[in-house]
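Small disclaimer: the values here were computed from a predicted structure and weren't measured. Every chain is numbered from 1, with letters handed out A, B, ... down the list of sequences.
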Amino acid sequence: MPELPEVEVVRRGLLGHVVGKRIVAVEVLHPRAVRRQLGGAADLIGLLAGATVTAARRRGKYLWLEADPAAAADPIAILVHLGMSGQMLVQSAGAVDEKHLRIRATLDDGTELRFVDQRTFGSWMVDDIVGSVPASIAHIAPDPFDPGYDQSAVVKVLRGKHTEIKRALLDQTVVSGVGNIYADEALWRSQIHGQRLTDKLPVKSLRAVLDNAAAVMSEALDQGGTSFDALYVNVNGQSGYFERSLNAYGREGKPCRRCGAAMRREHFMNRSSFSCPRCQVRPRF
DNA sequence: TATATCTCCTGCGGGC
DNA sequence: TGCCCGCAGGAGATAT
């Protein structure tokens, strides 16, 4: 599942393959892939035709390509969210279409930028850039690798909330980039159960969770991201290796790598959470 | 206003 | 073999 490290791997790939290229044509093969575009597929196609990509940027799990439109105007952002299964692939013209190909952008060097998305949670949209980010993600908080990230400010927000720490970690308006996998990893490293309340946790613990979230995502990035199957790949279709380094996620019943206790799995927010019953004591309410 | 829950979607695996 | 069901989960919409 693409979280910050996986999106960053994709962004870096796009830097080398797409930036500097002009979009010759765009084809939308599934309406859900452009559901965030107010004018629909025709609008997106019209805005992108002839645009030249000038940069590839990211905030949290959102990725965008900055582009100069064909008609003289302000730069636009091609805002991309990979959802659960989105892939941005650079393919040569004539390559066989992927089964779940949703959008095809043909570039002026003959290659194609393809958006492939099995579960259709991902999307593309064209957006205005306000300040330094697309307008529609202005509410998304900086991620731990953003120059504008301020851990003290995040701790202050957490202390002002009355909610569970894992829920807060997944709230992209508090700190962005963290998803279910890295939230579990950060909490395991911090020896804190995800149901502990943010306003009851000491500042030291909140800082530790945020530090560990940044550390685990940094390590994952170094290994090309986390892949469990073919649903996450870089622009060349290759998978990352961080899955081998996970200490919590997906390890139900296996011994905790710190104390040896059997790892548990709990249902939380309609998804699974993995933790150590000995190192991460569940709070009593 | 803040927090919690529901919904969208597809493919896979397990059970019958 | 084929059908049904649960599961995976990001984020916006809706409910409390």
Inter- and intrachain pairs under ring-ring contact (aromatic ring centres under 6.0 Å, His included), touching residues 76-105 of chain A, at least two apart: A/Tyr62-A/His81

Phosphate OP1/OP2 of B/dT3: any A/Lys161 side-chain N/O under 4.0 Å: yes

Residue pair A/Gln118 / A/Gln87, side-chain donor-acceptor N/O under 3.5 Å: no

5′-ward residue of the pair A/Arg265/A/Met269 relative to DNA chain C: A/Arg265

Atom pair distance, as rounded to whole Å: CZ in A/Arg119 and P in B/dC9: 14 Å

Qualifying ring-ring contact (aromatic ring centres under 6.0 Å, His included) pairs, either residue in residues 126-145 of chain A, two or more places apart: none

Closest listed nucleotide, where the reference is the side chain of A/Asn180 and the choices are B/dG11, C/dG12, C/dG10: C/dG10

Identified salt bridge (charged side-chain N to carboxylate O under 4.0 Å, His left out) counterpart of A/Glu8 within the set A/Arg58, A/Arg59, A/Arg57: A/Arg58

B/dA4 phosphate, OP1 or OP2, under 4.0 Å from A/Thr163 side-chain N/O: yes

B/dT5 OP1/OP2 closer than 4.0 Å to side-chain N/O of A/Arg167: yes

Under-4.0 Å side-chain N/O to phosphate OP1/OP2 contact, A/Arg36 with C/dG12: yes

Below 4.0 Å: OP1/OP2 of B/dG11 and any side-chain N or O of A/His100: yes

Polar contact flag, side-chain donor to acceptor under 3.5 angstrom, A/Arg102-A/Thr120: no

Residue A/His81, side-chain atoms from C-beta onward, closest of C/dG10, B/dC9, B/dT10: C/dG10

Distance, rounded to the nearest Å, where A/Leu63 contributes CG and C/dG10 contributes P: 17 Å

Spacing of A/Arg35 atom CZ relative to B/dC9 atom P, expressed in whole Å: 9 Å

Selected nucleotide, minimal atom distance to A/Arg271 side chain, candidates B/dC8, C/dA11, C/dA8: C/dA11

Rounded distance in Å - CD1 (A/Ile181) to P (C/dA8): 12 Å

Atom-to-atom span, CG of A/Asp171 to C1' of C/dG12 - whole angstrom: 12 Å

Residue-phosphate contact under 4.0 Å: A/Ser272 side-chain N/O, C/dA8 OP1/OP2: yes

For atom CD of A/Glu3 and atom P of C/dG10, their distance in whole Å: 6 Å

B/dT3 phosphate, OP1 or OP2, under 4.0 Å from A/His162 side-chain N/O: no

Euclidean distance, atom CG of residue A/Leu197 to atom P of B/dT3 [Å, nearest integer]: 11 Å

A/Asp117 CG - B/dT10 C1' separation (whole Å): 10 Å

B/dG11 phosphate, OP1 or OP2, under 4.0 Å from A/Gln118 side-chain N/O: no

Backbone of A/Leu201 reached by a side-chain donor or acceptor of A/Ser205 within 3.5 Å: no

side-chain N/O A/Tyr62 vs C/dG12 OP1/OP2, d < 4.0 Å: yes

